[in-house]
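Order of appearance sets the numbers: ligands from 1, and atoms from 1 within every ligand. Each residue takes its place number in the sequence, starting with 1.
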Amino acid sequence: MTRDVVIAGASFAGLAVARELPDRALLLDPVDVGEGQTSACGAPLGVLAALGALGSVQQVHEHLVIHTPDREVRWPVPEPFCTFEYRACCRAALAGSGAPVVRAAARGHRRTVALTSAGDVPARVLVDCTGWRAALAGGASEAPRPGSHPAPRGRPILYFGLEADVPAPFAPGLHFYFWPDVAPDGYAWAFPAGRTTRVGLLSYRARSRLGPALAAFLDRLGMPSGPLHGGFLRGGLHPPVVDGVFTVGDAAGQCLPLSGEGIRSAVLAGQVCGRLIGRALDGRLTLEDARARYSAFVRAQRRRYRVLRWATVAVLTLPARALGALAACVARPGVLRTFMSHYLGMFAPKPGWE
Ligand SMILES: Cc1cc2nc3c(=O)[nH]c(=O)nc-3n(C[C@H](O)[C@H](O)[C@H](O)COP(=O)(O)OP(=O)(O)OC[C@H]3O[C@@H](n4cnc5c(N)ncnc54)[C@H](O)[C@@H]3O)c2cc1C
C-alpha cells in the first residue's frame, strides 16, 4: 500500500499530521493504535477538540495545584485542561483522519522510501512521529543516559517518567509535587481522571529506576498502586527536518522543559506540518518551501523554550522554601497571566501564519 505521505508513529504527533492530509497519508506503527500508552494524558481541552477526540475526556480541570513541602498553591488556568483516555483519544483521532495503518516498525529511510519491518514503503513525503527514538529520520541514535540539566547546546534533553494508574479518585485539579525527598531531580504528580488517578514521578536527569520512589509517594498519598507505565520524554528542539524527513513531537525534541508536557506541542506542530505538506501536494508551495516554513515555525519557539529550560534549572537548584514562595508569587493574577500566556503561547501558530 502506498500514499503520498508516509507517517511513522500513530500517536499524538502522527495522528495530528494525518488528520490534515485526508486520503493522502498512510500511518506505520508496530503496535495497535491506542495501545502502548506512556503518558499521564493531561492536556488542554482544545487539544482534544483539535484531535476530534472530546469523547475521550475523563475529567476537566480548572486549576493546577502546586505542592511544595510547606505550601499548597492553586493556579487557575486560563483555558481548561483535561485528563483523557489514551486509547479512545487515538482511535477517535484515527477515525477522523481516514488514514490506513500498516502494522510495521520504521527502521530508517532511503531518500523518500521508508525502510520498515514489513518491507520498503515509497512515498513523496516522509514524516517521523516515532517518539523519542526518532526511528525513521535516525535523528536520535544516541542511547538514553542519565545526564545533567541543562544539556549542553545541541545535546538532547531527555527526561524519564514513570506512573501508576491508580483505581481511586483524587481531589480535583492537576497536582504537581515539588517534594525533594520524593523527587530530588524532578517532580511528582497526581492527575485525577474520573474514578482513577494517574500518579507519577519525573526525573529531569533521565533516571529510570523510579519504582521505589513512586511506591513511597503513593504510600504518602495514602493511595494503592496500579498498573505501571512510563518512558523517556525528548526535548531540546532538534532539527525539524532531517535529510528531507519532517520530524514532529518527541521525535523532534518538542516536549517542553519544566513541565514535560509534550502532547500539546506534538499536536500543534503536527497540524502545522500536515497543513504545509498538504499545500505542497496541492502545488500551492514547493516541498522545499514547506520544509523551510515548518523549520521557521519551530525556530520561532526557541526563545520561549529557553526560558522554560532555565526555569527547570531554578527548580533543580532553589531550596524548597524558596520554590514555594516563588509558586505563591506566580499565583498573583497579573504574574500568572503573563506566565500562562508565555507558556501556552508555545507552539500556538500566530494568526495568519499560513
Ligand atoms: C510517564 C509520562 C507521563 C506523561 N504525561 C504527560 C501529560 O500528562 N501531558 C503531556 O502533555 N505530556 C505528557 N508526557 C509526554 C508525552 O507523553 C509525550 O511528549 C508525547 O506522547 C509525544 O507524542 P508523540 O506522538 O511525539 O510520541 P509518542 O506518544 O511517544 O508516540 C510514538 C508513536 O510511535 C510509535 N513507534 C515507535 N517506534 C516506532 C517505529 N520504529 N516505527 C513506527 N512507529 C513507531 C509508537 O508505537 C507510538 O505510537 C508524559 C510522558 C511520560 C513518559
Identify, for atom 13 (C) of ligand 1, the protein heavy atom at the shortest distance, and state residue, atom and that distance. Ser39 OG, 3.5 Å

Determine the minimum heavy-atom distance between Ala135 and Ala106, stating which atoms define it. CB-O, 3.6 Å

Within the 6.0 Å centroid threshold, strictly below: Trp189 and Phe176: no

Taking only non-hydrogen atoms of Ala13 and a 4.0 Å limit, the atoms of ligand 1 in range are 25 (O), 26 (O)

Please identify which atoms of ligand 1 are closer than 4.0 Å to at least one heavy atom of Gly231. 53 (C)

Indicate, as side chain, backbone, both or neither, the part of Cys129 found under 4.0 angstrom from ligand 1 when only non-hydrogen atoms are considered. backbone

Closest protein heavy atom to atom 19 (O) of ligand 1, given as residue, atom name and distance to 0.1 Å: Asp250 OD1, 2.8 Å

Provide the number and element of each atom of ligand 1 under 4.0 Å from a heavy atom of Leu28. 43 (C), 44 (N)

Tell me which protein heavy atom sits closest to atom 23 (O) of ligand 1, plus the residue, atom name and distance to 0.1 Å. Phe12 CD1, 3.7 Å

For atom 44 (N) of ligand 1, the closest protein heavy atom turns out to be Pro30 CD, 3.3 Å

I'd like the name of whichever of Gly131, Ala134, Gly200 reaches closest to atom 30 (O) of ligand 1 through any heavy atom. Gly131

Test: Asp243 and Arg110 ion pair at under 4.0 Å: no

Tell me, with the steps shown, if Val272 and Tyr294 meet side-chain contact (heavy atoms from CB on, under 4.5 Å). CA-CA 7 Å; Val272 168; Tyr294 178 57; 4.2 Å; yes

Flag the pair Asp32 and Arg87 as a salt bridge only when some basic side-chain nitrogen lies within less than 4.0 angstrom of an acidic carboxylate oxygen. no

Trp179 ring center near Tyr187 ring center (under 6.0 Å): no

If we only consider heavy atoms of Gly36, is any one of them less than 4.0 Å away from an atom in ligand 1? no

More than 12 heavy atoms of other groups within 6.0 Å of Asp70 CG: yes

Shortest non-hydrogen pair, Met346 vs Arg264, comes out as O-NH1, 3.3 Å

For atom 29 (O) of ligand 1, which protein heavy atom lies nearest, and how many Å away is it? Ser11 OG, 2.8 Å

Could you tell me the residue and atom name of the protein heavy atom closest to atom 1 (C) of ligand 1, and the distance to it rounded to 0.1 Å? Thr38 O, 3.1 Å

Using a plain distance cutoff, I'd like to know if Leu233 has any nitrogen or oxygen under 3.5 Å from a nitrogen or oxygen of ligand 1. no

Among Asp32, Ile263, Asp29, which one puts a heavy atom closest to atom 46 (C) of ligand 1? Asp29

Quick one: does any side-chain atom of Tyr204 pair with a main-chain N or O of Leu158 as donor and acceptor, under 3.5 Å? no

With backbone taken as N, CA, C and O and side chain as the heavy atoms from C-beta onward, which portion of Ala135 lies under 4.0 Å from ligand 1: side chain, backbone, both, or neither? side chain

Where is the tightest heavy-atom contact between Phe191 and Ala40, given as atom of each residue plus distance? CD2-CB, 3.7 Å

Does ligand 1 have an atom under 4.0 Å from some heavy atom of Phe191? yes

Give a yes or no on this: more than 12 heavy atoms of other residues, nucleotides or ligands lie within 6.0 Å of atom CZ of Arg337. no

Taking distance alone, with N or O pairs closer than 3.5 Å, would you say His229 contacts ligand 1? no

Heavy-atom nearest neighbour in the protein, as seen from atom 37 (C) of ligand 1, with distance rounded to 0.1 Å: Thr130 O, 3.5 Å

Considering only heavy atoms from C-beta outward, does the side chain of Thr247 approach that of His238 to under 4.5 Å? no

Of the listed options Ala251, Gly14, Gly108, Gly260, closest to atom 14 (N) of ligand 1 (non-hydrogen atoms): Gly260

In ligand 1, which numbered atoms sit nearer than 4.0 Å to a non-hydrogen atom of Cys255? 19 (O)

Closer than 4.0 Å to some heavy atom of Gly9 - which atoms of ligand 1 meet that? 33 (C), 34 (O), 35 (C), 43 (C), 44 (N)

Please could you name the atoms of ligand 1 that Ala40 approaches to less than 4.0 Å, counting only its heavy atoms? 3 (C), 4 (C), 5 (N), 6 (C), 8 (O)

For the atom pair OG (Ser97) and CG (Leu51), what is the distance rounded to the nearest 0.5 Å? 10.5 Å

Is it the side chain, the backbone, both or neither of Ala43 that has a heavy atom closer than 4.0 Å to ligand 1? neither

To check your reading of the model: name the closest protein heavy atom to atom 42 (N) of ligand 1, its residue, and the distance in Å. Ala106 N, 2.8 Å

Just to be sure I read this right, does ligand 1 sit under 4.0 Å from the backbone of Val31, its side chain, both, or neither, counting only heavy atoms? side chain

Group every Ile, Leu, Val, Met, Phe, Trp and Tyr by side-chain heavy-atom contacts under 4.5 Å, then state whether Tyr343 and Leu233 land in the same group. yes

With atoms numbered from 1 as shown, which atoms in ligand 1 lie under 4.0 angstrom from a non-hydrogen atom of Glu261? 10 (C), 11 (O), 12 (N)

Should you measure from each heavy atom of Gly42, which atoms of ligand 1 turn up under 4.0 Å away? 7 (C), 8 (O), 9 (N), 10 (C), 11 (O)

Which of Gln37, Glu35, Arg91 passes side chain to side chain contact (heavy atoms under 4.5 Å, CB included) with Tyr86? It is Gln37

Taking atom types as modelled and ignoring hydrogens, do the side chains of Arg198 and Gln58 form a donor-acceptor contact shorter than 3.5 angstrom? yes

